[in-house]
Structures are given as structure tokens and as C-alpha cells.
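Here the structure comes first, spelled out in C-alpha cells, and everything after it is commentary.
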Protein chains: 2
Amino acid sequence: MAARPHLTEREEEIRSVGASDSSRATILDAAAACFMAKGYAASSIDDVARSLGSTKGRIYHHYPSKGDLFADVFRAGMEMNYAAIRPVRDAAGTAVARWRRMAMVHTRQMIVTRPYQRVVWEGVELYLRGATTPEQREEFARLMQYRNDYGAIFRQVIVAAREAGDMRFEDPRVTEQLMFVSLNSPLFWYTPRPGENERDIEVIVAQVVDFTARGLGVREGACNG
Amino acid sequence: MAARPHLTEREEEIRSVGASDSSRATILDAAAACFMAKGYAASSIDDVARSLGSTKGRIYHHYPSKGDLFADVFRAGMEMNYAAIRPVRDAAGTAVARWRRMAMVHTRQMIVTRPYQRVVWEGVELYLRGATTPEQREEFARLMQYRNDYGAIFRQVIVAAREAGDMRFEDPRVTEQLMFVSLNSPLFWYTPRPGENERDIEVIVAQVVDFTARGLGVREGACNG
DNA sequence: AGTTCAACATACTACTCGGTATGTTGTCAA
DNA sequence: TTGACAACATACCGAGTAGTATGTTGAACT
């Protein structure tokens, strides 16, 4: 009988924390949607709360400030990206083949988790513009580091592909920027159509990745599987 | 003696209007810089005025509202783009050669007139998000038309190049988006270095255009001049 | 049954910002 | 010299907003 209460205690602790996390996740979704729709500065906490049918109290119970809420959406978006490319980043095959799979997964992410990814984009801009309070600046710096590491993964792969003779480009830094801007571009021009299915998305993803692959100078016939 | 006063009158009218326009141009520059630095929503009229060493009165004397000021920066940015590509858009040569010159001029514009072009970018986003008042919406609609016409010029050229067998891509609409996102990308990652000259900019422009050209499937050896 | 506490809602404050109403000044025509 | 007007500056108002302080409630725990 000593183990049961202990187990139940942990179960309920998990369920309790899970309930709180569930509410936080709901807030996070609403915040992502609101920040995407109106941008950070034009979005008010009341807007987010209204879209939830709640009031500010709920949000300030979970987040100390608007900036922290935004940062958490940023973090969640980046974690989604890491989780998405994890299965393919260490897969077997040539560097260019790995890159192609990573690029497709990444681009699909931009479409499927668009609200979060637009917050990531705006978060990067806010940081680069220095539009952050000193306290938030170090948290944003961590998130930027997180994001730069993600970029470095791609950069390593395309540099390896270039060394293997399967890509050709000049400055890796500039090329990384061009690559991400291309792969991320659905953030700005993709709008979900009613009755759209996964096939339609795959068609778009293919075009985006093909364009970017050619831009990176992928050798003709190198891994078109 | 009848012609002299008339001439002087016109001269002074021109000088007078020119002085007013000069003040407006100064305001426009400051507004573009401010909107670029902080974004539309986070920029206040007082911010713009402060950066001019003036007060709100000066701005509201020339512009009826913050939105109109923003729209005028938008318009000015687009006019710069039209003026920049005018000499090359109707030049002789193949479509792909015309495209390359247009692309280089356009990309250079993104770097040289960056504050204005970032406002153009944000203006497009504001319109697409519907973050405009009903009155401003029709002015923004005109500006969007203006911008879409500009995009159509490029689209016609790349479609012609494809028909000539010098490019290969699928959906022209998607491809146009990808092309502009690539060419515009210096807006987001270029930062002027101290002591940078025109050569350095040309190196960047070349990389951006090369990447985009390959992305558009420009045939190997087709116009690398 | 009573206590505690998480998860909110409500009420309020201090402050910013867009816009307006009005005052001031230099300039130019008559 | 004097009105008129453009080009601002100054003073002010109302609306919205981030953040806080406090009230409320249902559920778990004892």
C-alpha cells in the first residue's frame, strides 16, 4: 500500500501539471495566432485573452509579461523545428540527400506551424532591432543562440555537400541566409485554401525546395529521389 | 518686362513648393528610418519628430495621419524601384539578359534604399493582414496595385525567358514569390559595414542574383555577362 | 468540515500615443 | 506698414494598454 499512494501521487501530479500545461498550450496557440495576425507591438494581452474567451488574469497567471509570452511562443516554434528535423538530420546517405530531406521537413514546418514560425521570424527581427528590454534581452539571446545552432546544422550539411562536389556556392554565410529566406518564404505568401489536403502542400514544398536546391547549385541529377 | 515677373513668379513658386517638398522629403527620410528601426506599430509620430529635432506639429502639418505618412513612404519606395529599373526593362537583348540586369538593379535598390524598401515590405504585410482602417484601405489597395504591376513586369520577363528555353520552373506565381523573396532578402540580413564601398555591395548583389538565377533554372551559360 | 491553493476574473492605475485646437513666427504681396 | 498665410511649436484630450492588487471558486488534502 505504500507504492500505490506514491504512484497515485505522481499520477495526479502529472495530471495536475499536465492540466496546467494544457492551459498554457492553449494560451500559446492563441498568442501565436494573434501575434501572427497583428504583429507583436499591435497585439495586446487583452486581444489574446479575448480570443480565448478569457481575461488578462489567465495570461498573467502563467506569464509574467507580454515579452515572456512572446518568447515562449518563439521557444516553442524552435523546439518544433528541432523535433521535426531530428529524424532526418543524422540519417544515412550523402550530404546533399540529407539536406534535401531536411529542407523538405523544414519547409513543411513553415506551412503547418505557420503562426509559431512567424513569431520566430518576428522574434529574430525584434532582437536584431534591439527592441527588447535589458532583462528580456538575455532570454532573447538564448533563443537566438538556439536558432543559430539550428542554422548551423543546415550550414554544415551544405558545406559538406559542396566539399563532396554536389553543390556550388560562394560565401556560406550569405548562402545560408539565401537558403533560409527561400525555404521560409511560404510564411509570407502561403495562405491555406479551403479543402486543401496534404498533397497540395507537398506540391508547394517541392517547388520551394527545388528552387532552393538549384539556387544552392545542386549538381544535376545528384539525388533527385 | 512682362515676362520677367512672370518668370520670377514661377521661379519662386517652384522654389517655394520645392522648399515645402524638401521638408516633406526630410520627414519622409526620418519616417522611413524610424519605421525600419521599430516597425510601424511601435513607431510613434513623436519618435519621428524627435529624430528630426522637431515636434508633432511639423509632421501633422504635412500629413493628416500616421497611416498617410507611412503610405507616402511606401509610395516613395515603389517609385524609386520603378525609376531604377526603367532604363533596363525595355533594353535590347534576350529576356534572360534583361531579367539579369533588372534583378541586379532591383537587389541593389534593396540595399541602397533599405529603409524605404522595408516599409514597402511591411506595408504589404499590413495590407494582407487587413491592419488598416477602411479609409486607408483604398489607398493601400492602390499601392498594392502599384506593387503588383511592378511584380508583373518581372513575371512577364521570366515567363518570356522560359518560353525562350532559357529558364525552367513550374508555377509562375509561386516562382515570382520565390524570386522576390530571394532578391529582397538583403533587407533582412544585410547590415552596412563601416568603410564599405560600392564594390562590396556589388559582390553581395552578384551572389544574390546568382542564387536566384539558378533557382529560376537559368540555362547554363545563358548570358553570364 | 475546514484549510489551502491553483486558476482564474475583476477593478484599478499609471502611462503612452494619435489626433486636435490653438498659439507663434518668418515671409511676402499690396 | 500691414494683413495673410505657410510652417511650424505648444498644450491638451480621449482612447487604449501593460501591469498590479485583490476578489472568487472549485478541488484536493487533512
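In this text the structure is predicted, and so the values were computed from the model without any measurement. Letters go in sequence order (proteins before strands), and every chain restarts at 1.
DNA chain D lies under 4.0 Å from at least one heavy atom of each of the following residues of residues 61-75 of chain A: S65(A), K66(A). Residues from residues 34-59 of chain B placing a heavy atom under 4.0 Å of any atom in DNA chain C, listed by number, are S43(B), S44(B), I45(B), K56(B). Taking a 4.0 Å limit (strictly below) on heavy-atom distances, residues 124-142 of chain B does not reach DNA chain C anywhere. A heavy-atom distance below 4.0 Å to DNA chain D is reached by none of the residues of residues 25-32 of chain B.
Under the rule for a salt bridge (charged side-chain N to carboxylate O under 4.0 Å, His left out), the partners of R75(A) that lie at least two apart in sequence or sit in another chain are D72(A), E79(A). Residues satisfying the salt bridge (charged side-chain N to carboxylate O under 4.0 Å, His left out) criterion with E125(A), sequence neighbours excluded, are R118(B). Qualifying salt bridge (charged side-chain N to carboxylate O under 4.0 Å, His left out) partners for K56(B), counting only residues two or more places apart in sequence or in other chains: D46(B). Partners of D90(B) according to the side-chain contact (heavy atoms from CB on, under 4.5 Å) rule, which considers only residues two or more places apart in sequence or in another chain, do not exist here. Remark: T133(B) pairs with E135(B), Q136(B) by the side-chain contact (heavy atoms from CB on, under 4.5 Å) rule, at least two apart or across chains. Under the salt bridge (charged side-chain N to carboxylate O under 4.0 Å, His left out) criterion, E196(B) pairs with no residue, sequence neighbours left out. Contacts of V208(A) classified as side-chain contact (heavy atoms from CB on, under 4.5 Å), with partners at least two apart in sequence or in another chain: T107(A), L183(A), P186(A), W189(A), I204(A), T212(A), L178(B).
A side-chain donor from one of D47(A) and S44(A) sits under 3.5 Å from a side-chain acceptor of the other. No hydrogens or angles considered: a donor-acceptor pair under 3.5 Å links the side chains of S23(A) and R58(A).
L216(A) has its side chain within reach of F211(B): a pair of non-hydrogen atoms, C-beta onward, lies under 4.5 Å apart.
Closest heavy-atom contact between S43(B) and C34(B): OG-O, 3.1 Å.
Residue S23(A) places no side-chain N or O under 4.0 Å from the OP1 or OP2 atom of dA7(C).
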Distance-only donor-acceptor hits, side chain of residues 138-145 of chain B, under 3.5 Å, sequence neighbours excluded:
| unit_1 | atom_1 | unit_2 | atom_2 | d |
| --- | --- | --- | --- | --- |
| Q145(B) | NE2 | D149(B) | OD1 | 3.0 |

